[in-house]
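Quantities reported herein were computed from a predicted structural model and do not represent experimental measurements. Heavy-atom basis, side chains included; hydrogens, waters and symmetry copies ignored.
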Amino acid sequence: MSYSNNSGGAEPCLCPSAQPSMPDAHVFGIVIGSEANPEVAWLEEPLPVSEELLAKVAGAEPQQVFRVTAPCQESLCVHYDGAKCQLAVRIVQILPAVTEALPPCRLRASCRWYLQEGRPACLRCPQVITHNYQPSEQVLQAARPA
């Protein structure tokens, strides 16, 4: 799976907080840790979302178990303001860094958050769970569209 950014390539940037139902969705991470302290373990290679893969988490929401990427939907997304992903902006502004080293993410070269916010987005990304039943107040504040 290779994409290039919007500045020079034909493929769109990738959203690292996509929904499994989005076109060309791929799982790139697995949620590990506890409900109170979830984190993401990155896959060596993203896997296409399939019915078979989703069946493996029957009884749970896929977004509780997987981190999913898909091409950024830009104006179709509530977080996109026409120029930037405001979710990425809020994550960097509100959430604390949870690592000092860049995570081993395969999306970085095409990731909307990294291309827009750089290293600070990556240092916060491991704590981002798309469907979190016990989010902190900071996570709620970051996730809330303007």
So does [Y] get a backbone contact from the side chain of [X], meaning a donor-acceptor N/O pair under 3.5 Å?
| X | Y | answer |
| --- | --- | --- |
| R106 | L43 | no |
| R67 | C125 | yes |
| R108 | L102 | no |

With sequence neighbours excluded, residues passing side chain to side chain contact (heavy atoms under 4.5 Å, CB included) with P120: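 If we apply the side chain to side chain contact (heavy atoms under 4.5 Å, CB included) test to P120, skipping adjacent residues, the hits are V92, R124.
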Checking Q116 now: which residues fulfil side chain to side chain contact (heavy atoms under 4.5 Å, CB included) with it, not counting sequence neighbours?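 Q116 satisfies side chain to side chain contact (heavy atoms under 4.5 Å, CB included) with K84, C85, A88, V89, R112 once adjacent residues are dropped.
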Roughly how far, to the nearest 0.5 Å, is [atom2] of [Y] from [atom1] of [X]?
| X | Y | atom1 | atom2 | answer |
| --- | --- | --- | --- | --- |
| E117 | L123 | CD | CG | 12.5 Å |
| E61 | I129 | CD | CD1 | 14.0 Å |
| L115 | C72 | CG | SG | 10.5 Å |

Stepwise side-chain contact (heavy atoms from CB on, under 4.5 Å) check, Y114 with L107: CA-CA 9 Å; Y114 177 75; L107 307 182; over 6 Å; no
For F66 and I30, run side-chain contact (heavy atoms from CB on, under 4.5 Å): C-alpha distance rounded to whole Å, both residues' side-chain angles, the deciding distance at 0.1 Å, then the answer. CA-CA 5 Å; F66 300 131; I30 306 293; 3.5 Å; yes
Closest non-hydrogen atom pair, H26 against P46: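 Heavy atoms of H26 and P46 come nearest at CB-CB, 3.9 Å.
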Whether the Q63 and Q19 side chains hold a donor-acceptor pair (N or O, under 3.5 Å, no angle test) is what I'd like checked.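 There is such a pair between these side chains.
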Could you go through L53 and V27, starting from their C-alpha distance and side-chain angles, then the distance that decides it, and tell me whether this counts as side-chain contact (heavy atoms from CB on, under 4.5 Å)? CA-CA 9 Å; L53 184 62; V27 171; 3.5 Å; yes
From CA spacing to verdict: side-chain contact (heavy atoms from CB on, under 4.5 Å), C15, Q73: CA-CA 8 Å; C15 171; Q73 299 295 292; over 6 Å; no
